[in-house]
Number of protein chains: 2
Amino acid sequence: MELSERSREILRAIIQSYISTAEPVGSRTVTKRYNLGISPATVRNIMSDLEELGFLVQPHTSAGRVPTDKAYRFYIDTMLEVKSLPRQQEEEILNYPLHRGDFNQLMQETTKLLSALSHYTGIVMAPKPAETVYRHMEFVRLTGGRVLAIFVSNAGIVHNRMIILDEDLMQKDLERISAFLNYEMAGKTLREMRSRVLQLMDDDKNTYTRLLMKFMKVWQDASYEGEVEAEAELFVGGLSEMFNIPDFKDYEKMKELFLAFEEKHMLLKLLDLAMDAEGVQVYIGSENKYFEMQGISLVVASYRGEGNVVGTLGVIGPSRMPYNTVIPLVDCTARVLGRLISER
Amino acid sequence: MELSERSREILRAIIQSYISTAEPVGSRTVTKRYNLGISPATVRNIMSDLEELGFLVQPHTSAGRVPTDKAYRFYIDTMLEVKSLPRQQEEEILNYPLHRGDFNQLMQETTKLLSALSHYTGIVMAPKPAETVYRHMEFVRLTGGRVLAIFVSNAGIVHNRMIILDEDLMQKDLERISAFLNYEMAGKTLREMRSRVLQLMDDDKNTYTRLLMKFMKVWQDASYEGEVEAEAELFVGGLSEMFNIPDFKDYEKMKELFLAFEEKHMLLKLLDLAMDAEGVQVYIGSENKYFEMQGISLVVASYRGEGNVVGTLGVIGPSRMPYNTVIPLVDCTARVLGRLISER
DNA sequence: ATTAGCACTCTATAGTATTGAGTGCTAAGC
DNA sequence: GCTTAGCACTCAATACTATAGAGTGCTAAT
């Protein structure tokens with residue numbers, strides 16, 4: 001699959017034109033807007049070749065051509081020049097009032113920031129309990145044998161679960177358990193605690209370990225089918241931006257899209273993939289099996305909290321998005337969020 | 001504005017017909033589907049009267065007539081027979097797995113329940129910090145002079161805020177403050193605490209009260225323009241149901257609707273109104289100034305936690321919704337949620 | 001190899017005719 | 001005096017036709 005320099009140049013012109021206008025690109029348009037010293041007829045021949053190679057398609061015979069997912073992938077991998085974020089946008093990110101309220105609000109505000117700057121929909125996957133390093137744990141006794149377990153990370157993330165006990169423990173007992181847990185488990189993730197508790201279980205089965213096991217079980221049950229991924233929370237912001245995108249002017253398409261958003265499960269799986277990858281990832285159209293959708297792409301980056309990757313965030317929009325500006329935007333936001341979480 | 005028995009009967013027929021078909025109702029339809037022993041011509045005369053009174057409008061001359069907001073209001077106030085919830089639906093509410101996860105998830109699941117049963121969009125306003133009675137308060141020291149304040153209600157609601165201090169307190173100090181706060185303030189709402197703290201301030205300005213003041217200030221700043229209402233969190237579920245409603249088959253209408261949903265502020269104000277009212281409230285179209293939208297209505301009820309009204313929930317859908325089934329549904333869900341919060 | 005020229009295709013748009021649902025009015029009937 | 005049959009009228013929705021325009025693919029000349 002060798003592509004001549006000129007073919008590449010024309011493919012780039014078509015993609016760029018389509019990204020900015022959302023209109024199928026004809027041979028005349030290419031020669032006019034990007035004067036390559038070449039006639040429309042020549043361009044037509046090359047476009048025909050590109051179509052045969054699977055880079056372009058025609059919506060119908062008498063229309064221009066439109067880039068395929070394969071074309072976008074090629075474009076991003078081999079000829080995209082990612083600009084550095086303009087000073088003004090960087091300012092905007094830094095000045096955005098993300099700090100208000102609690103951690104959930106921070107997540108929500110971040111989606112809005114992503115959305116506001118990209119004009120697409122912003123998504124943020126919150127840190128997962130199983131992967132979060134906790135600093136402080138606390139059991140609070142409520143009425144009726146209910147105990148609330150509260151876990152606090154150094155970043156101020158608060159996770160909690162209700163546990164219903166058969167026996168009624170006093171707050172004093174719970175405080176002793178909390179103290180034990182803080183002594184034994186501080187600096188561990190939930191996942192690590194789980195295996196440590198299982199170890200302790202072997203040694204002796206006292207009230208402490210029984211409560212802890214119960215607690216672990218409740219936590220696990222609450223996650224979808226015991227899958228750790230599902231524990232993560234997904235925040236979405238700027239959904240209404242989708243209505244401004246000409247690609248999605250179709251009612252049925254829109255319906256499909258919103259259904260997919262409500263089924264957050266799949267989106268989470270996809271975001272989870274990006275946890276392991278370095279830098280900004282781009283998922284184009286049906287490239288991934290979790291959120292395949294004709295014409296829709298995601299730009300995703302992981303963010304760090306105190307050194308470790310703890311979550312991912314990104315932007316979801318049409319495949320024909322201006323990657324050269326969206327990519328640095330997502331990148332910068334991820335770094336700012338990371339800094340905010342690890343602050344000072 | 002006296003309405004004869006027959007006029008009322010016809011108005012009811014028109015409203016019911018429109019609710020079930022979403023098609024403008026003509027005089028022939030009325031006589032056919034609800035045989036009232038009356039000719040279409042007579043019905044036409046009466047319909048003309050009803051239009052003059054503001055109960056009906058014609059989309060265009062050669063169409064049937066459609067009920068106005070005024071008509072729905074009249075219908076709900078004077079001739080709606082609210083069925084009791086069918087056994088099967090009640091079962092479904094009781095069996096819905098609402099208990100999983102933390103309090104936020106409970107809220108989110110409740111919106112899904114409302115949506116699933118009504119086939120419209122479900123909304124739940126979470127309990128507001130200012131109105132929540134707290135059982136347990138805790139300050140956790142994080143790195144860099146940051147302190148996380150965690151407040152737990154008896155129902156297991158957890159609210160938290162980050163505070164950044166100039167001085168660096170030890171966790172020991174914070175524990176003493178927590179103990180003091182728990183002793184002095186347990187069983188109070190945040191609003192009540194605030195005024196109590198202000199009282200204490202007058203007596204002496206020690207580290208405790210300074211921290212408390214700082215904390216109160218942070219909390220207040222985080223809420224929108226200091227308005228207490230804005231502190232509340234709003235959960236929305238089943239947005240995609242909107243796409244199945246023939247009334248909203250218009251793209252522009254949909255866009256407007258989703259914009260309104262993202263601006264949660266107004267919706268919250270409206271839900272706040274229903275806090276004070278007893279029973280199920282219905283807001284029709286442009287009746288309320290916070291969420292006026294042509295053709296959209298809300299059915300809202302407040303729910304209780306341990307005796308007090310703590311929040312509201314409801315359903316948002318087209319004005320032509322089957323109120324006789326939606327009202328008991330919202331009512332029942334509110335009661336179930338209340339029981340779940342106050343559980344045992 | 002490139003390109004000008006041309007026939008061909010197909011969508012989008014505008015214009016026109018037709019249909020049918022529904023109304024308002026009038027005059028006759030009970 | 002209320003009710004109703006009859007009829008002319010209105011207007012959206014639908015189908016059909018004509019036209020314009022953008023773009024292609026092919027061929028022959030450069």
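Chain letters run A, B, ... following the sequence lines, proteins first and then strands; every chain starts at 1. As a basis for the values below, the full set of heavy atoms in this structure was taken, side chains included, without hydrogen atoms, waters or symmetry mates.
Per the geometry, CD belonging to Gln58(A) stands 11 Å off P belonging to dC10(C), to the nearest Å. One atom, CZ of Arg65(A), and another, P of dA22(D), lie 18 Å apart when rounded to the nearest Å. Atoms CG (Leu36(A)) and C1' (dT3(C)) sit 15 Å apart, rounded to a whole Å. Here the P atom of nucleotide dG20(C) and the CD atom of Glu23(B) are 17 Å apart, to the nearest Å. Regarding Glu52(A), its CD atom lies at a distance of 11 Å from the P atom of dG25(D), rounded to whole Å. Asn45(A) has its CG atom 17 Å from the P atom of dG23(D), to the nearest Å. Between the CD1 atom of Ile46(A) and the P atom of dG25(D) there is a distance of 13 Å, rounded to whole Å.
Distance from the side chain of Ser62(A) is smallest to dT11(C) among dT23(C), dT11(C), dA4(C). The nucleotide whose nearest atom lies closest to any side-chain atom of His60(A) is, among dT11(C), dT2(C), dT9(C), dT11(C). Comparing dG22(C), dA5(D), dT23(C) by their nearest atom to the side chain of Ser27(B) picks out dT23(C). Which of dT23(C), dT4(D), dT24(D) sits closest to the side chain of Met47(B) comes down to dT23(C). Closest contact between the side chain of Arg44(A) and the listed nucleotides dT3(C), dC10(C), dT24(D) involves dT24(D). Here dC11(D) is the nucleotide among dC11(D), dG22(C), dT23(C) with the atom lying nearest to any side-chain atom of Thr61(B).
A ring-centre distance under 6.0 Å is found for Phe243(A) and Phe258(B). For Phe291(B) and Tyr283(B), the gap between ring centers reaches or exceeds 6.0 Å.
Summary of the strand contacts: Thr29(A) and Ala41(B) both lie near DNA chain D, and taking for each the nucleotide with the nearest heavy atom, the more 5' one is attributed to Ala41(B). Ranked by how close their nearest DNA chain D nucleotide is to the 5' end, Ile38(B) and Pro59(B) are led by Ile38(B).
Side chains of Lys255(A) and Asn244(B): a donor-acceptor N/O pair is present below 3.5 angstrom, by distance only.
One N or O on the side chain of Glu287(A) and one on the backbone of Ile284(A) form a donor-acceptor pair closer than 3.5 Å. A distance-only check finds a donor-acceptor pair linking the side chain of Gln58(A) to the backbone of Ala63(A) [under 3.5 Å].
If you check every strand for non-hydrogen atoms under 4.0 Å, Arg28(B) touches nothing.
Phosphate contact (OP1/OP2 of dT2(C), side-chain N/O of Ser39(A), threshold under 4.0 Å): absent.
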